[in-house]
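This report concerns only the one structure given below.
Convention: sequence-line order gives letters A, B, ...; per-chain numbering from 1. Note: hydrogens, waters and symmetry copies are ignored here, and every other heavy atom, side chains too, is used.
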Amino acid sequence: MIEKIYTLLYKAYGPQGWWPFMNHEDFYHISDYSIPRNKGEVFEVCLGSILTQNTTFTSVVKSLKNLDALHALTPQGIKNLDVETFKLAIKPSDYHNQKAKYILGFIDFFLELQGAIPKREKLLEVLGIGEETADSILLYGYRQTEFKVDAYTKRLLLELGLITQKAKYKDIKKLMQDALEESIEDKKELLITYQEYHALIVQHSKRFYSKKPYGAGCFLKDALPLT
DNA sequence: TTCCAGGCAATAC
DNA sequence: GTATTGCATGGA
């Protein structure tokens, strides 16, 4: 069933090429799964993952462009900014006081890594990094096979009858990973599928699972035998 | 006007 | 462990 949903979404929307970088025209890698290409892109994924918490990505792009204009799209660049200037730059992404604190704390963690891949449990110790943000950073920033679950994922699976309202983050993540791991043996293909799957869910859900009643017009409901 | 945004942490039971 | 609330604001 999980595979079937993926096939249908991919057929409908095509490859998404996530992560969506700030400047899509220059950096958006449709069908190019070599991202991130450098430390700058890794950091941009981390930054975006925190900024997008409970916010639309278009507002995140505004914040990233503000930072870029301040030559502050790097850890040190942000640290060098006046804190109020930094808050103002990320204001379009909302919760700017909280997120400024989160990002400054994350930067210290990021610098200590010295390029190493962070452990998930260590990421979760950073203030402001919860399960979804950790998986977002690992999946898109460090190419680790960690499925990213979000509100859309739960909404969609709930509507399709594959989970109950009680399902927690780790339950949903396990459901997705178990199904995909079983059907996809190639490690790289599995990673790409995780990256594409989440992106496709977002693409689909922005249309059919943003407004109530959730799922109205969703073609997956007709294509799949409801359990 | 109301509802919602690709969550997380703190607090209260 | 689960439920609730504050964080902030623009856009549909």
Side-chain angles (χ1 to χ4, degrees), chain A residues 5-6 9 13 16-22 24 28 35 44-66 83-107 109 118 120-141 144 146-159 163-173 176 193-218 220:
Chain A
I5 294 170
Y6 180 75
L9 289 176
Y13 303 108
Q16 301 298 299
W18 271 32
W19 181 262
F21 287 90
M22 170 188 72
H24 284 214
Y28 200 52
I35 59 169
E44 188 175 329
V45 172
C46 296
L47 213 49
S49 295
I50 295 171
L51 287 174
T52 196
Q53 290 169 2
N54 209 35
T55 307
T56 58
F57 205 82
T58 52
S59 65
V60 173
V61 171
K62 289 179 191 170
S63 299
L64 293 177
K65 289 191 171 177
N66 285 342
V83 176
E84 291 307 315
T85 304
F86 179 46
K87 286 181 179 176
L88 198 60
I90 64 170
K91 198 166 183 181
S93 303
D94 299 328
Y95 310 102
H96 54 280
N97 291 314
Q98 275 193 343
K99 286 177 178 175
K101 188 166 61 177
Y102 292 169
I103 290 167
L104 289 171
F106 174 81
I107 284 174
F109 172 81
R120 190 171 189 273
E121 61 264 32
K122 292 297 179 186
L123 268 173
L124 292 174
E125 289 174 7
V126 179
L127 187 69
I129 310 286
E131 293 200 279
E132 184 188 336
T133 306
D135 287 334
S136 178
I137 289 171
L138 289 169
L139 178 62
Y140 293 109
Q144 301 300 295
E146 302 280 353
F147 199 92
K148 176 180 175 179
V149 175
D150 65 349
Y152 284 151
T153 309
K154 180 169 184 179
R155 233 175 254 172
L156 176 64
L157 295 177
L158 194 59
E159 186 66 21
I163 59 170
T164 67
Q165 186 64 48
K166 289 183 182 299
K168 293 166 62 181
Y169 187 95
K170 68 173 191 303
D171 302 324
I172 299 170
K173 182 177 176 179
M176 301 302 287
T193 304
Y194 281 13
Q195 292 181 332
E196 282 292 338
Y197 208 147
H198 172 73
L200 286 165
I201 287 173
V202 172
Q203 179 68 29
H204 182 69
S205 300
K206 278 196 286 194
R207 301 188 186 190
F208 301 111
Y209 290 88
S210 286
K211 285 183 296 185
K212 291 181 179 178
Y214 296 138
C218 169
L220 293 176

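Candidate nucleotides B/dG6, B/dA9, B/dC4 were compared by shortest atom distance to the side chain of A/K212, and B/dC4 ranks first. In the set B/dG7, B/dA10, B/dG6, the nucleotide with an atom closest to the side chain of A/W19 is B/dG6. In this structure, the nucleotide among B/dC8, B/dA5, B/dG6 sitting nearest to the side chain of A/D150 is B/dG6.
One interatomic measurement links the two molecules: CD1 of A/I103 to C1' of B/dG7, which rounds to 13 Å at whole-angstrom precision. To the nearest angstrom, C1' of B/dG6 lies 11 Å from OH of A/Y169. Rounded to whole Å, atom P of B/dG6 lies 16 Å from atom CZ of A/F147. Following rounding to the nearest Å, A/L139 (CG) and B/dG6 (C1') show an atom-to-atom distance of 13 Å. Between A/I137 atom CD1 and B/dG7 atom P there is a gap of 14 Å when expressed in whole angstrom units. Taking atom CD1 on A/I172 and atom P on B/dG7, their separation rounds to 12 Å, with Å as the unit. Per the geometry, CG belonging to A/L123 stands 12 Å off P belonging to B/dA9, to the nearest Å. One atom, NZ of A/K173, and another, P of B/dG6, lie 21 Å apart when rounded to the nearest Å.
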Taking N or O atoms only and anything under 3.5 Å, show me the protein contacts with nucleotides 5-12 of chain C, one pair per line.
from: C/dC7; atom 1: O2; to: A/Q98; atom 2: OE1; distance (Å): 3.2
from: C/dA8; atom 1: OP1; to: A/N97; atom 2: N; distance (Å): 3.0
from: C/dA8; atom 1: OP1; to: A/Q98; atom 2: N; distance (Å): 3.0
from: C/dA8; atom 1: OP2; to: A/N97; atom 2: ND2; distance (Å): 3.3
from: C/dA8; atom 1: N6; to: A/Y95; atom 2: OH; distance (Å): 2.9
from: C/dA8; atom 1: N1; to: A/Y95; atom 2: OH; distance (Å): 3.0
from: C/dT9; atom 1: O4'; to: A/D94; atom 2: OD1; distance (Å): 3.0
from: C/dT9; atom 1: O2; to: A/D94; atom 2: OD2; distance (Å): 3.2

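A donor atom on one side chain and an acceptor atom on the other are not found under 3.5 Å apart for A/S63 and A/N66. A/Y152 and A/S210 form a side-chain donor-acceptor contact under 3.5 Å, judged by distance and modelled atom types alone. Residues A/S93 and A/T55 bring no donor and acceptor atom of their side chains to less than 3.5 Å of each other.
Residue contacts shown for A/T133 are limited to sugar-phosphate atoms, with no base heavy atom under 4.0 Å away. Heavy atoms of A/K168 sit under 4.0 angstrom from primed sugar atoms or phosphate atoms, though from no base atom. Residue A/V126 is classed as a sugar-phosphate contact, given heavy-atom separations below 4.0 Å to backbone atoms only. The residue A/I50 sits apart from the nucleic acid: no heavy atom pair falls under 4.0 Å. No contact: A/S59 has no heavy atom under 4.0 Å from any strand. Note on A/I129: only backbone sugar-phosphate atoms sit closer than 4.0 angstrom, heavy atoms only; bases stay farther off.
Atom NZ of A/K87 has more than 12 heavy atoms from other residues, nucleotides or ligands within 6.0 Å.
With hydrogens and angles ignored, no donor-acceptor pair closer than 3.5 Å exists between the side chain of A/K206 and the base of B/dG6.
OP1 or OP2 of B/dA5 has at least one side-chain nitrogen or oxygen of A/R155 nearer than 4.0 Å. One finds no side-chain N or O of A/T52 lying less than 4.0 angstrom from the OP1 or OP2 phosphate oxygen of B/dG7.
B/dT1 and C/dC7 have their C1' atoms separated by 22 Å, with the value rounded to a whole Å. Here, C/dT2 and B/dG6 have their C1' atoms 24 Å apart, quoted to the whole Å. C/dA8 and B/dT11 have their P atoms separated by 15 Å, with the value rounded to a whole Å.
Remark: A/R155 is not positioned above the aromatic ring of A/Y209, lacking an NZ or CZ atom under 6.0 angstrom from the ring centre and at most 45 degrees off the axis.
For the side chain to side chain donor-acceptor pair (under 3.5 Å) test with A/Y13, the passing option among A/H204, A/R207, A/Q203 is A/H204; the others fail.
In this structure the side chain of A/K148 reaches within 4.5 angstrom of the side chain of A/Y140, judged on heavy atoms.
Between A/Y197 and A/Y6, the angle of the ring planes lies from 30° to 60°, which puts this pair in the tilted group.
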